[in-house]
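Worksheet: one structure, shown below.
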Amino acid sequence: MSHCTIHLFRKGLRLHDNPTLLGALACSSTLYPVYVLDRAFLEGAMRVGALRWHFILQSLQDLDARLRALGSRLYVLRGSTAAVLRELVTRWGVTQISYDTEVEPYYACMEREIQALAQELGLQTYTRVSHTLYDVKRMVKANGGSPPLTYKKFLHVLSVLGEPEKPVRDASAEDFLRCATPVEPDQEQTYAVPSLADLGLEAEFEVLWPGGETHALQRLHRYFQSQGWVANFSKVRTVPNSLLPSTTGLSPYLSLGCLSVRTFYHRLSSIYAQSKNHSLPPVSLQGQALWREFFYTVASATPNFTKMEGNPICLQIDWYHDPEALEKWKTAQTGFPWIDAIMTQLRQEGWIHHLARHAVACFLTRGDLWISWEEGMKVFEELLLDADYSVNAGNWMWLSASAFFHKYTRIFCPVRFGRRTDPQGQYLRKYLPVLKNFPSQYIYEPWKAPEDVQLSASCIIGKDYPHPMVCHIEASQRNLGLMRQVRTEQQNTAELTRDVADDPMEAGLKRELQEEEEELLEGVEQHSTSKRFNGVTDHKSCPCSWTPETLQLSGEVM
Ligand code: FAD
């Protein structure tokens, strides 16, 4: 069969391990690689900040350059996908549309539109799964028709399914020789990748994660050069506040499909095969790819996965509605340097370490502010380069103990968590320069610094940098009480995503983080038992929220 095909790139912006593209090339005599910049669709589905738009545009430029090197090119058009496709089909005499199958409901909706268009115009469609290791439908089927709701059950299903398929070969110049991309006279102007300014957005940031497959593969190569590091990787031992990422930093590329997850997974398998020992899921690097797969699988078959209401696996919690507190968290004005530095890095660079995400997510939700995980998810959606429908919501439910995570008595301390791996506060000094002159002793709790220290640091707390917005010990013990109550009332929902036996991630975490968490737990529990939760729901009524002296006291309890 010799089709004239439009290959529609959506995610999957790559030429390596692209089975849909390869299959389409094999059955076509003409192929137009197309990206429809359907801004209303994308921004209607998820918030997309300027930094991620920049990443997307760079990834398109890179894809265009790579296609040109093979004798083809990328056609970028703006508008509604269905309308653009309809026009192109007529203009180019198209007989087939190829695209990757995606799991998100909004992409599934678009796929239905493409299929309807194809039926109406008498076109073929050609589609393959390549954004996940497995076809999530197959996974759900293998689990008896519903998604495995714990990582342990998920690993069990995987053991039945066997290893994920190997990556397919790269698309080559020979493929494009056999299957031409026609040239149009005015194509340079008409189909060029727009700039950020063309989208009416501004770029005032340093780009640390340049978009595109080329950078993805370079980064993969760089990080995987150290086989010992890869083989011994244990997520819980990586450092959240190192000045360069202590994990691979590949998430932006995986999330947009500039890097194939199967390439990532099988490169790891070959490194493991050459190593005497290697770490295992859930903490190994392959284990990380499987967390991604786990959330994709659960999201694919859970209604309203990105919402609390109507989401059958999520605890229904009466979170506070407090736009002012949310804004302080979002704009790095909480008064806790560890939290504010992370939120600053997120805003400036679009990426933060997994445990840093833990810290700010716990603080916003069950730890301190008792604000809905959906609000945090939306902020991450806008600011993260790797923002991902399934993974973001899944992790937010986890961190807020709304689903998946059940040791809800473990609450991260916004002072001690960061200090543990960066006692000198280098990370805080970098992202919060206003605090850079504080001695290390005070940098995590500048409100404790005597006046003369604040003066010589040229930073007066309450004037140049805010006081802590809550008293952590008071807020966390009140929230602990609230959470305990919720979980007692909604035990059946809580049990859905919980293993009766020990959860493997828990086992890993238990070993690695026991010391800190137990100390912290003791602090909170001691405080809770000496002063029983009294059902106060106004979090601003915390008696020691605002004065440096009382915070100093509560800090010592921690
Ligand atoms: P590595 O440790 O090098 O892991 C390699 C890859 O495994 C990652 O790139 C990612 O694709 C996958 N992975 C790692 N950890 C997880 C995890 N916990 N869940 C699912 N997949 C994982 N990750 C996203 O890709 N997009 C998101 O929108 C996102 N939102 C998050 C929100 C919260 C509240 C939390 C706590 C975590 C979130 N994560 C998200 C998961 C995780 O923090 C990032 O994937 C990871 O930090 C990315 O850095 P890395 O590539 O160096 O990870």
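Each ligand, and each atom within it, is numbered from 1 in the order the structure gives. Model, not experiment: these values are computed from the prediction.
Taking the ring centroids of H54 and F205, they lie under the 6.0 Å cut-off. Proximity of the aromatic rings of W291 and W398 is defined here by a centroid distance below 6.0 angstrom, and this criterion is met. Checked against the 6.0 Å centroid criterion, the rings of H215 and Y253 do not qualify as a close aromatic pair. Here the two rings, on F336 and F363, have centers that are under 6.0 Å apart.
Interface of F295 with ligand 1, defined as ligand atoms under 4.0 Å from a residue heavy atom, comprises 19 (N), 20 (C). Atoms of ligand 1 lying under 4.0 Å from any heavy atom of F380, numbered from 1 in the order shown and given with element: 32 (C), 33 (C), 34 (C). Less than 4.0 angstrom separates some heavy atom of R292 from each of these atoms of ligand 1: 11 (O), 20 (C), 21 (N). Taking a cut-off of under 4.0 Å to the non-hydrogen atoms of A289, the atoms of ligand 1 that pass are 7 (O).
The part of L254 lying near ligand 1 is the side chain, judged by heavy-atom distances below 4.0 Å. When non-hydrogen atoms are compared, ligand 1 lies under 4.0 Å from neither the backbone nor the side chain of W398. In L399, the part holding a heavy atom less than 4.0 Å from any atom of ligand 1 is the side chain. No part of E381 comes within 4.0 Å of ligand 1, judged by heavy-atom distances. Here A387 has backbone heavy atoms under 4.0 Å from ligand 1, and that is the only part of it that gets that close. If you look at V261 next to ligand 1, there are no close heavy atoms at all, none under 4.0 Å.
Looking at Y223, Y389, W396 and measuring to atom 34 (C) of ligand 1, the nearest heavy atom belongs to W396.
Shortest non-hydrogen contact noted between Q316 and N311 is NE2-O, 3.8 Å. Across every non-hydrogen atom of F55 and S59, the tightest pair is O-OG, 2.8 Å. Of all non-hydrogen atoms in G12 and F9, the two that sit nearest each other are O-CD2, 3.4 Å.
Partners of S372 according to the side chain to side chain donor-acceptor pair (under 3.5 Å) rule, which considers only residues two or more places apart in sequence or in another chain, do not exist here. For E163, the side chain to side chain donor-acceptor pair (under 3.5 Å) partners two or more places apart in sequence, or in a different chain, are Y265.
The ring pair (Phe, Tyr, Trp, His ring centres under 6.0 Å) with F404 is formed by just one residue from the set F154, F294, Y151; it is F294.
In the displayed structure, Q426 atom CD is contacted under 6.0 Å by more than 12 heavy atoms of other residues, nucleotides or ligands. Counting heavy-atom neighbours within 6.0 Å of E309 CD, excluding the residue itself, gives a total of 12 or less.
Using a 4.0 angstrom heavy-atom cutoff, L285 counts as in contact with ligand 1. Within the structure, the closest approach of W351 to ligand 1 falls below 4.0 Å when heavy atoms are considered. Under a 4.0 angstrom heavy-atom cut-off, F233 registers as being in contact with ligand 1. The shell of residues lying under 4.0 angstrom from ligand 1, judged by heavy atoms, includes G249. Distances shorter than 4.0 angstrom do not occur between any heavy atom of P245 and any atom of ligand 1. Contact annotation: F264 has at least one heavy atom less than 4.0 Å from an atom of ligand 1.
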*Determine, stepwise, if the pair W351 / T247 fulfils side chain to side chain contact (heavy atoms under 4.5 Å, CB included).*
CA-CA 11 Å; W351 184 92; T247 51; 3.5 Å; yes
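If you check which protein heavy atom lies closest to atom 3 (O) of ligand 1, you get T248 OG1, 2.6 Å. Closest to atom 2 (O) of ligand 1, if we only count protein heavy atoms, is K235 NZ, 2.9 Å. Atom 20 (C) of ligand 1 has as its closest protein heavy atom V391 CG1, 3.3 Å. Atom 42 (C) of ligand 1 has H354 ND1, 3.3 Å as its closest protein atom, hydrogens excluded (heavy atom only). Closest to atom 40 (C) of ligand 1, if we only count protein heavy atoms, is R357 NH1, 3.2 Å. Of the protein's non-hydrogen atoms, the one nearest atom 33 (C) of ligand 1 is N395 CB, 3.4 Å. Residue, atom and distance of the protein heavy atom nearest to atom 26 (N) of ligand 1 are D386 O, 2.8 Å. At the shortest separation from atom 7 (O) of ligand 1 among protein heavy atoms lies Q288 CB, 3.2 Å.
For W291, no nitrogen or oxygen atom sits less than 3.5 Å from a nitrogen or oxygen atom of ligand 1, counting backbone and side chain alike. At least one N or O atom of L250, backbone or side chain, sits closer than 3.5 Å to an N or O atom of ligand 1. Checked by distance only, ligand 1 and S251 come closer than 3.5 Å through their nitrogen or oxygen atoms.
Using a cut-off of 4.0 Å between Lys/Arg side-chain N and Asp/Glu carboxylate O, E381 and R52 are scored as not salt-bridged. Using a cut-off of 4.0 Å between Lys/Arg side-chain N and Asp/Glu carboxylate O, D170 and R66 are scored as not salt-bridged.
For the atom pair CG of L51 and CD of Q348, the computed distance is 10.0 Å after rounding to the nearest 0.5 Å.
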